[in-house]
Each structure stands twice: as C-alpha cells, then as structure tokens.
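Keep in mind that what you see is a predicted model, and the values were worked out from it rather than measured.
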Amino acid sequence: RRQRQMCIRDRSNTAEIIALSLASTIGLALLGIPFMMITPLQLLWINLITDSLPALGLGLEKPEKGIMMEKPRPRGEGIVSRRTLTNLLVMGGFMGITAFAIYLLGPAFALGAVVTQTMVFNFLVLSQLLHALNARIRSGGSLFKGLRSNKFLLFTLILTIGLQPFLPFLPIIGNALELAPLTIGQWFVVGGLASMVLPVAKLRRYLSARKIAREEKIKEAHRVMENPEAVSRDRLQALETLKKLEKYSDIRETGIPVPVDMHMHSTYSDGRRTPSAVVYEAYRKGLKVIGFSDHFNGPPSIDGRCKINRSIIEGALEAIKAGKTLGVKVIPGFEFTTSGGEDRLSRIKGYDRRDILVYFDAERFERMHHLIAEAFSTVTGLKEKEFLPVDEVIEVAKGLGGISIYAHPSRENPETETDEKILKLWDSGLDGIEVCHPHLSPAQTQHYVCLLYTSDAADELDGVDLGGRRI
C-alpha cells in the first residue's frame, strides 16, 4: 500500500518538476513566452487534489494475490531501485513533457495565456488522477478489475474529475485559480492526452515483464547448463537459449590473432564446469580455439583403475556440439597420467610420472570415438593399479591420427626432470610441450621455448638436433 501511495505521489511530483523546468529554461528564457506555464495557486491545487484523496484511496486497496509468494528484495538494493527509478522517469517524463508541449502550442494557436494555463492545469490534474489506476497494479491485469471493491478510490476519482470542468464557474475558486472555460474541442484534447497515461503505463509494464521473463529464462538456462546431473541434450539446449537471449557485453578483445587455451577440464573429470559451461565461458572470454581434455585415467592410487570412464567421451562430444553452436573451435582429446618406467614396479609406483595430452581432429573424433576409447582402454600389458606407459600412449595416439603433448613439464617431477629426459620423449613420437601453464614460471616457459623452438639451444645440449618440433 505504501508503494502505491509513493507511486502516484513521486510520479506526479516528477512530472511537475520536469514541466516547470522545461518551461522556465526553454519557454521563458529561450523562446520568450510572456507567461508562466501555471500559476503558484494552480500548482498548489494540483498537489492538494492528487496527493491527498487518491493517495488515501490507494491505501485502502486490497493486497494483490500471491504477494506473499514473491521473493524478498535483494539485501543490497536501495530504497529507490533501478526499476523504480526507471518507472519514475518514464511516467513522470511523459506527463511533464506533454504538459510542456501544450504550453508551447498554446501561443502557436493563439489561445491566450489564461486558456493555455487552464489546459496545462487540467491536463496535469487529469493525468495524475488517472495514473492512480496504474498505481493499483504492479504487473499485468486489468486496470479496472476490483475497482468496485475500493469504493473510496472510485468515489474520489469520479468527484475530482467531474469537478474540474466547473472550477472556472465557481466564484471564489475560479477567480483565485485564474481559470478560463474550455470549449468541447479543447476538453477533448486535454482528456485525450491525459488518458494516454494508461496505455503508456501498460506498455511500460509489458516491456518490464518481458525483460523480467527474459532474465528468468537466462538464469534457468545457466542453472541447467552448469548442472552436472542434467542430461547433455538439455545442457546444449540451454546453451542455445543463452546464445539467443544473453548479451555478450563482456567478450574480451585479447589482441591475439587466434586466442587459444589448449588445456581445459570439465565436471567429467576434475573440472568445476560442465562441458557446455566450459565452452560458453571460453566464448565469453573471447577464445577462438580450446583444447578440451578431461582425464582419461587418474592415478591408480586414487581411483584404482586405468580403464576409461566412458562418460568423458560424452563430455567431449558435448563440448564439440557446444563449440559449433557458439563458433568456438573445440579440439577434443584426453589427458593421460603415465609412467616412464620400463618395469611393472615403476608403473605401479608412478616413477617418472608425466601427464600427456592427446588431441584429435573434431570430425575424426566424432566418427571414431568408440575406436579411440577401445584403443586406449586396452594398452598392451596393462594391469589394474598401474600407470599407463608413456611410450605406448604416444604410439597409440599417433596410430589413431592424434597428436601428443607433454602437459605442464616439471610439475610432477620437479627434482628429477631434465632436458635430456624431455628430449628422449621425441624418440617416442611426442609432438609438443605445454609451455604456458600456471605451474610454470616465466623463466621455465622461456627455457622450454628455447629448448624446443630455437636452434640456439643446440650448443647447450651437446649438438642435439632439435628438428622442427612444435610448442
């Protein structure tokens, strides 16, 4: 009820402030109109009529149904929310600007000062009284529904609106307010413009409800897309919804010709986001290419197995489809926890442990994902609770048309990792090294780039031929 009372009072005051400000700055000062928009007594009458009886009537209005089911306002929201301020400016601005337009057109049609002031006066009174009907409801619905139940408000509107045409004929009030009788045509103009507050408010509520519904759809789509328990198909549909509805104002311009991140995980292994959410976040960050590589197997000491979790195949396929929807090139693959040891004890203990990223062309992966899964799940001689042999992982990847990358070097074996051991991996067919990773210092990154990309490192490695190796 308090909100309804504030609604009509604040918008009425805003309309008067805008109208009088425009009249004093443009009408009097710039255009030289020789009379005020309204007199001080007329302004006092408007405030007495519109801020008293209609406000009391709105205080008697019954609460809307379902009001107790609404969510509480956010804790950080101020007394005047953004939505309230928008409504205030829209309705107050419409009434104020329309009143100013009448003030400008009066001299153009040679109506005279008194007649023009009377038309402005009646427009402000009628528009603010009719706006009381808008204040009854906060969302959709009919303006007149349930109006009969509030007899005080109904009686107030009929009395005050019906009184306006007779004010100039009342001896004391008419002379004090300096009002002139209006013709039927002038009343049609005033009444028609004043009644426009109803469709304008209706349009505002429609647009506001549409915006709220859009925001709710976006929230629901985010909830589904980020839910690991949701079906992959539902997450992809939510992603399409976000692409249509959400504004991507936070897409970053990285300044890099092809922004790339080649090491990403999802909730199908140890990531925090679902595959669709990973691709969506990459899109918002401005990435053009991403490497999607969930863990094929974890350390045996953790999960006691080396067989593939087939759900990561589904995760990679979901990421590919999400990338096609958003225009992000997804390079699918896996991350393998391997051992460089040659005997079974080394593989059980995880000596010379390394993580190897294996990537495939997206189209090849979609066609051959069953074959790829089976090939890596049946590595020769592998037994339960053993790390995967690094040389066999690289060999299988190459046989299937994939490439193998040594992930975050020196993280697993910071004390024993040497350049010679890294270069030995090339003999097994390794294709590249991940040189940009949070676990690598700038100095380490520079060292590995020098090691595998420039020929200047050859002297440091006793003349080892580095060849055309990729970073």
Side-chain angles (χ1 to χ4, degrees), residues 71 210-252 254 258-298 303 305 307-336 357-374 376-377 402 407:
K71 296 180 180 179
R210 185 177 178 181
K211 180 180 179 181
I212 293 174
R214 176 177 170 275
E215 292 174 351
E216 290 297 326
K217 286 183 179 179
I218 290 175
K219 290 181 181 179
E220 177 64 17
H222 272 289
R223 187 191 65 80
V224 174
M225 184 186 67
E226 296 169 4
N227 182 13
E229 304 298 327
V231 181
S232 176
R233 180 181 64 256
D234 294 338
R235 289 199 293 264
L236 290 171
Q237 289 177 350
L239 187 70
E240 293 181 359
T241 300
L242 288 174
K243 183 181 179 182
K244 295 178 182 177
L245 296 181
E246 192 163 28
K247 296 180 180 179
Y248 303 105
S249 58
D250 60 344
I251 293 180
R252 300 178 183 176
T254 61
V258 184
V260 175
D261 189 327
M262 291 300 297
H263 194 161
M264 289 188 173
H265 302 314
S266 74
T267 50
Y268 280 87
S269 58
D270 60 351
R272 296 183 179 180
R273 290 187 172 95
T274 64
S276 293
V278 168
V279 180
Y280 179 75
E281 186 65 17
Y283 173 75
R284 293 182 62 171
K285 300 298 184 184
L287 298 179
K288 304 299 182 183
V289 181
I290 65 170
F292 188 86
S293 52
D294 273 318
H295 287 278
F296 185 96
N297 68 308
D303 57 19
R305 61 183 172 82
K307 290 290 184 181
I308 187 173
N309 178 1
R310 290 190 177 275
S311 63
I312 68 171
I313 296 288
E314 300 174 6
L317 294 174
E318 178 183 333
I320 294 172
K321 294 177 182 178
K324 292 178 179 179
T325 300
L326 296 176
V328 177
K329 182 176 180 60
V330 176
I331 302 177
F334 312 107
E335 181 173 354
F336 295 87
L357 299 170
V358 175
Y359 287 114
F360 301 90
D361 177 74
E363 294 183 1
R364 175 187 290 269
F365 187 87
E366 288 181 297
R367 293 195 311 266
M368 302 175 55
H369 61 85
H370 293 296
L371 177 61
I372 292 172
E374 288 299 325
F376 282 112
S377 296

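- Applying the side chain to side chain donor-acceptor pair (under 3.5 Å) rule to Thr274 yields no partners; only residues at least two apart in sequence or on another chain are considered.
- Here the shortest heavy-atom pairing between Ile372 and Phe334 reads CG2-CE1, 3.7 Å.
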Item to check | ring pair (Phe, Tyr, Trp, His ring centres under 6.0 Å) between His222 and Tyr280, intermediate numbers included | outcome: CA-CA 10 Å; His222 272 289; Tyr280 179 75; 5.5 Å; yes
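- Within the 4.5 Å cutoff, no side-chain heavy atoms of Ile218 are placed close to those of Glu215.
- By the ring-ring contact (aromatic ring centres under 6.0 Å, His included) test, His265 is found to be paired with His263, His295, residues two or more places apart in sequence or in another chain being considered.
- Two residues are said to be in side-chain contact when any heavy atoms from C-beta on lie closer than 4.5 Å; Glu246 and Arg284 meet this criterion.
- Contact annotation: the side chain of Val289 never approaches that of Pro259 to less than 4.5 Å [non-hydrogen atoms, C-beta and beyond].
- Met225 contributes atom CE, which lies 13.5 Å from atom CG of Asp234 (distance to the nearest 0.5 angstrom).
- With sequence neighbours excluded, the residues that form a salt bridge (charged side-chain N to carboxylate O under 4.0 Å, His left out) with Arg223 are Glu220.
- In terms of modelled atom types and a separation under 3.5 Å, the side chain of Tyr283 and the main chain of Lys243 share no donor-acceptor contact.
- For Glu229, the side-chain contact (heavy atoms from CB on, under 4.5 Å) criterion is met by Asn227, not counting sequence neighbours.
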Item to check | side chain to side chain contact (heavy atoms under 4.5 Å, CB included) between Met368 and Phe360, worked out | outcome: CA-CA 10 Å; Met368 302 175 55; Phe360 301 90; over 6 Å; no
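- In plain terms, the two heavy atoms of His369 and Ile313 that are nearest each other are ND1-CG2, 3.5 Å.
- Nearest heavy atoms, Met264 versus Ala282: CE-CB, 4.2 Å.
- Residues that satisfy the side chain to side chain donor-acceptor pair (under 3.5 Å) test with Glu281, not counting sequence neighbours, are Lys285.
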Donor-acceptor pairs are to be reported for all side-chain atoms of residues 317-331 against protein atoms at under 3.5 Å, with residues two or more places apart or in another chain.
from, atom 1, to, atom 2, distance (Å)
Glu318, OE1, Ser232, OG, 3.0
Glu318, OE1, Arg235, NE, 3.4
Glu318, OE1, Arg235, NH2, 2.6
Glu318, OE2, Arg235, NE, 2.8
Glu318, OE2, Ser276, N, 3.2
Glu318, OE2, Ser276, OG, 2.6
Lys324, NZ, Glu366, OE1, 3.2
Lys324, NZ, Glu366, OE2, 3.4
Thr325, OG1, Lys321, O, 3.1

